[in-house]
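The structure appears right after this line, and notes come after that.
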Protein chains: 2
Amino acid sequence: MDNISTRERIVSAANKLFYREGIRAVSVDAVAEEAGITKRSLYYHFKSKDDLVAAYLDYRDLPNLKAFRRWFADAAGRLEDRIGAIFDNLAEAAQHPKWKGCGFLRTSAELANMPGHPAIVVGAAHKKKIEDWLASCISAEGMENAEALARQIRLLLDGSFAVAMLHRDPSYFRTAGEAARVLVRAGRTTPATEILA
Amino acid sequence: MDNISTRERIVSAANKLFYREGIRAVSVDAVAEEAGITKRSLYYHFKSKDDLVAAYLDYRDLPNLKAFRRWFADAAGRLEDRIGAIFDNLAEAAQHPKWKGCGFLRTSAELANMPGHPAIVVGAAHKKKIEDWLASCISAEGMENAEALARQIRLLLDGSFAVAMLHRDPSYFRTAGEAARVLVRAGRTTPATEILA
DNA sequence: AAAGGTATACCGACCAGTGAGTGTACACAA
DNA sequence: TTGTGTACACTCACTGGTCGGTATACCTTT
């Protein structure tokens, strides 16, 4: 078996550097140094940089999902307000000076020329989880068009990640939150067949 | 004066390679070779790779804007249908095997660790232009909440770029287009103060 | 019109540094 | 004694960027 704590130190170092600088901008040497080991030891735990990148995203998967769930659970009001709260919390988080957008989206953008890359698989799975979770929240409220609505909200989510990062302006999250509220309300009063294409 | 045609050959080569592979994945040597010149000559026309990257995005600015304007102008129906047509055309374009998402967004994601990078400035300006143009289209229809609505639609636009690329699934453009239609309709029946935060 | 100067546009060769990934040896624990 | 985990030293291709030099064209000045 692996020495867990070393492996975790490596992934944590990778998370710090890859999120801050990007994938190709960070060398394996830099990750090893940040983790306080040699590169050769890193290659004992990971068979390639590509695998390390996938592990980096995997490392972010659960904490991310949990934050979303918490924000939603802690919010009061109707469904649209609780979904809106997710965007408000994101706007808050994006004010932190170390915030650099969504690691999953940034990585997938950087590796867009390698479709089957393990990190892209992890990233796509993460985003699907978010979408599915949103759909479950919506259908728990008795709405029938949950999947379509969840997709639309997810589009606003990822759109605000991209735009807030580009302009370094967290207020786009609030704009997106408002749009999400409108969509939820519209979905409640309109039959699903009109929302779908 | 510069020899225009050489400079243009360089930018065109940069466009081809940077869009296909990403910024850091493409060396200056590779661009020079694609342009059929030596690296030394490339550095005669551009003072650094960073400048070349900015020129690459600048090269995409106008054609992109024109496509959007054309799609909107050629579409029939009400405002929501003409805006929806943009998304439908994007869905169409994204089916092309060479489609790799939005070059502006991908570049800004890759260079997110260099906020003042000339290419990011160009990218942000391009996206602002799109947003402003959308707002002008909306207010031309006599709607008062044009800026807020344009922002929301732009969020859906960039969101679908990111998501369609991640999953390699152009259908997200159509989902986003449907959401945009809903937002336009809601904006017509609701006073602006309720749309804004 | 000849001579000289200057700016444009290009190239081959090179530099110091960095990239991902390896071969081998050594320490420790079961 | 066998397997796990770590380190040093290494390969070799490639990186952005630069040096010195050349061919051509145009613009003066005589």
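Proteins come first, then strands; the chains are lettered A, B, ... in the order of their sequence lines, and each starts at number 1.
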The side chain of B/I37 is closest to which nucleotide in this list: C/dC11, D/dA7, D/dG17? C/dC11
Minimum-distance nucleotide to A/S27 side chain [options: C/dG19, D/dT6, D/dT18]: C/dG19
Picking from D/dA7, C/dA20, D/dT15, the nucleotide nearest the side-chain atoms of B/D29 would be D/dT15
Short side-chain N/O contact from A/T38 to OP1 or OP2 of D/dT6, under 4.0 Å: no
Given the structure, check if the side chain of A/R40 and the base of C/dG23 hold any donor-acceptor pair shorter than 3.5 Å. yes
B/E33 has an atom CD; how far is it from atom P of C/dC11, in whole Å? 13 Å
Just to be sure I understand the rule, does B/V31 reach a base, reach only the sugar-phosphate, or reach nothing, if contact means heavy atoms closer than 4.0 Å? nothing
Rounded to whole Å, how long is the line connecting atom NZ of B/K39 with atom C1' of D/dG20? 16 Å
Do the charged groups of A/E33 and A/K39 touch, with an N to O distance under 4.0 Å? no
Between A/D61 and A/K129, is the closest basic N to carboxylate O distance under 4.0 Å? yes
Taking atom types as modelled and ignoring hydrogens, do the side chains of A/S171 and A/D169 form a donor-acceptor contact shorter than 3.5 angstrom? yes
Do we get B/R154 above A/Y172's six-membered ring, with its NZ or CZ under 6.0 Å from the centre and within 45° of the axis? yes
Return no unless some side-chain N or O of A/H45 is found under 4.0 Å from OP1 or OP2 of D/dT4. no
Rounding to an integer number of Å, can you tell me how far B/Y43 OH sits from D/dT18 C1'? 10 Å
Compare the minimum distances between each of C/dA9, D/dT6, C/dA20 and the side chain of B/Y44, then state the nucleotide with the smallest one. C/dA9
What residues from residues 48-57 of chain A pass a heavy-atom cutoff of under 4.0 Å to DNA chain C? A/S48, A/K49
Please state how far atom CD1 in A/I10 lies from atom C1' in D/dG5, giving the value in whole angstrom units. 10 Å
What is the distance from CD of B/E8 to P of C/dA9, rounded to the nearest Å? 13 Å
Test: A/R181 cationic atom under 6.0 Å from A/F87 six-membered ring centre, within 45° of axis: no
Out of curiosity, B/E110 CD to B/F18 CZ, how far, rounded to the nearest 0.5 Å? 9.5 Å
Determine whether more than 12 heavy atoms belonging to other residues, nucleotides or ligands lie under 6.0 Å from atom CD of B/E21. yes
